[in-house]
Amino acid sequence: MTMNAARVTQLRPGTDRDRLLVGVDVGGSKIAVLAVDADGNHVRGRHTIPTSVGAPDEAAEQIAGAVDAALVAAGATSREVQAIGVGVPGRVDPATGVVSLAVNLGWHRLPLRDRLEPLLGVPVAIENDVRAAAAGILDRGTLGRIRDFIYLSVGTGISAGVVIDGAVHRGTRGLAGEIGHIVVDAEGPVCPCGLRGCLETIASGPAIARAAGDGRSAADVYLAAEAGDPDAGAIVDRAGAALARAIHALVMTYDVERIVLGGGVSRAGTAFLDPIVLELDALRAASELAADMLPADVVAVSPDGGDVGAWGGISVARALISAAEGNPRPEEVVAREANA
């Protein structure tokens with residue numbers, strides 16, 4: 001996760017205890033903010049607001065307002081903040097801070113960093129949300145010694161943050177892990193990306209709600225399935241089977257040790273996880289290779305719950321500071337050696 005070297009000189013000096021880091025997770029339904037102390041050990045404040053989807057001109061003001069509210073909760077002001085990291089779904093250029101394509105938000109070529117910094121008066125770094133979240137999991141050591149894993153976020157959209165050999169993989173076009181737009185049913189519903197039957201049209205939160213067709217949210221559908229509603233059960237079983245096949249595809253492609261599940265839909269608990277495990281068991285039973293590649297502990301639900309994306313924003317902010325101090329992250333060293 002690289003940062004623009006031309007900008008790091010604007011950082012406020014020092015990482016004293018009175019300095020704060022702020023992480024922002026912009027999702028399709030909510031914006032979550034964490035303010036933590038400089039060493040990242042103590043949460044000082046948090047705030048969550050709904051996202052104004054399809055209102056790019058209001059995005060910077062909305063995010064800045066959420067940050068200000070989190071700082072009020074922390075008993076602090078922006079003068080005490082050293083850096084802010086923002087995770088946004090879709091295609092993001094960390095060097096320019098431009099969100100060039102966020103399908104589920106309706107944002108196109110939005111210069112988010114350049115709009116946020118004047119409002120907040122603090123250096124800001126922008127990164128794709130799931131890649132930021134994956135970096136946060138890596139930085140915080142959530143998985144212990146595991147250095148090859150994928151964070152699979154299932155919420156308004158579906159996307160994966162890939163970590164290989166302790167480095168976040170962004171891909172040639174900055175879209176590595178966009179598995180939500182892999183077609184799983186060519187005759188399925190039209191996806192906002194323009195294709196038919198993408199994984200997101202079956203297993204995302206809005207897709208599950210639409211399948212119910214009665215005004216219930218995805219959380220309501222999972223609760224109904226858990227209570228024995230057969231129609232709700234069929235919907236979540238279909239979603240779980242599609243996610244299990246996506247997990248299988250990710251493991252077969254990247255040969256990672258762990259898939260970490262997160263995002264709003266994952267908070268449905270066992271009702272969310274059980275259909276996935278059932279389909280993984282079926283894949284193992286049908287294939288010796290699948291059984292070898294999908295051990296029983298291959299899937300885990302993120303222990304950070306709704307905070308995993310905001311912790312990713314903290315990691316993005318920390319990367320900006322690290323670059324300013326001339327201490328490249330491990331993945332930056334790997335990239336330099338590969339290009340030498």
Answer yes or no: is there a donor N or O on one side and an acceptor on the other, between the side chain of [X] and the main chain of [Y], under 3.5 Å?
X	Y	value
D139	G136	no
Q62	P50	yes
S322	R318	no
S204	G157	no
R196	G188	yes
R109	V98	no
R131	G87	no
N128	P89	no

Does the side chain of [X] reach to within under 4.5 Å of the side chain of [Y], using non-hydrogen atoms?
X	Y	answer
S266	S302	no
I31	D25	no
L243	I158	yes
T156	P206	yes
V36	L20	no
V33	R46	no
I84	V24	yes
M252	L289	yes

Shortest non-hydrogen contact from A209 to A218?
CB-N, 4.0 Å

Give, for atom [atom1] of [X] and atom [atom2] of [Y], the distance between the pair rounded to the nearest 0.5 Å.
X	Y	atom1	atom2	result
F149	L250	CZ	CG	13.5 Å
R91	E178	CZ	CD	9.0 Å
T142	I137	OG1	CD1	6.0 Å

Take V86 and R113, measure what side chain to side chain contact (heavy atoms under 4.5 Å, CB included) needs, and give me the verdict at the end.
CA-CA 9 Å; V86 182; R113 186 195 68 198; over 6 Å; no

Side chain to side chain contact (heavy atoms under 4.5 Å, CB included) between Y254 and V162: does it pass, once the steps are laid out?
CA-CA 8 Å; Y254 292 107; V162 181; 3.9 Å; yes

Are [Y] and [X] connected into the same hydrophobic cluster when the rule is that any two of I, L, V, M, F, W, Y join if their side-chain heavy atoms are below 4.5 Å apart?
X	Y	answer
I247	I182	yes
L195	L199	no
V298	L143	no
V299	L278	no
L120	V88	yes

Test salt bridge (charged side-chain N to carboxylate O under 4.0 Å, His left out) on R284 and D292; report intermediate values, then the result.
CA-CA 8 Å; R284 294 182 187 106; D292 184 55; over 6 Å; no

R19 bridged to D37 by N-O distance under 4.0 Å:
no

Under 4.0 Å between a Lys/Arg side-chain N and an Asp/Glu carboxylate O for E127 and R170?
yes

Donor-acceptor pairs are to be reported for all side-chain atoms of residues 224-242 against protein atoms at under 3.5 Å, with residues two or more places apart or in another chain.
{"unit_1": "E226", "atom_1": "OE2", "unit_2": "T270", "atom_2": "OG1", "d": "3.4"}
{"unit_1": "D229", "atom_1": "OD1", "unit_2": "D231", "atom_2": "N", "d": "2.9"}
{"unit_1": "D229", "atom_1": "OD1", "unit_2": "A232", "atom_2": "N", "d": "3.1"}
{"unit_1": "R238", "atom_1": "NH2", "unit_2": "D185", "atom_2": "OD2", "d": "3.4"}

Just do the side chain to side chain contact (heavy atoms under 4.5 Å, CB included) check on Y151 and I259 with the steps written out, would you?
CA-CA 6 Å; Y151 171 67; I259 303 285; over 6 Å; no

Let's go through V184 and I202 carefully: what are the C-alpha distance in whole Å and the side-chain angles of both, what is the deciding distance for side chain to side chain contact (heavy atoms under 4.5 Å, CB included) to 0.1 Å, and is it a yes or a no?
CA-CA 9 Å; V184 295; I202 294 171; 3.4 Å; yes

Which residue is it: V67, L116, V81? I am looking for the one with a side chain to side chain contact (heavy atoms under 4.5 Å, CB included) to V122.
V81

Of the options V99, D93, V92, which is the one that meets T96 in a side chain to side chain contact (heavy atoms under 4.5 Å, CB included)?
D93

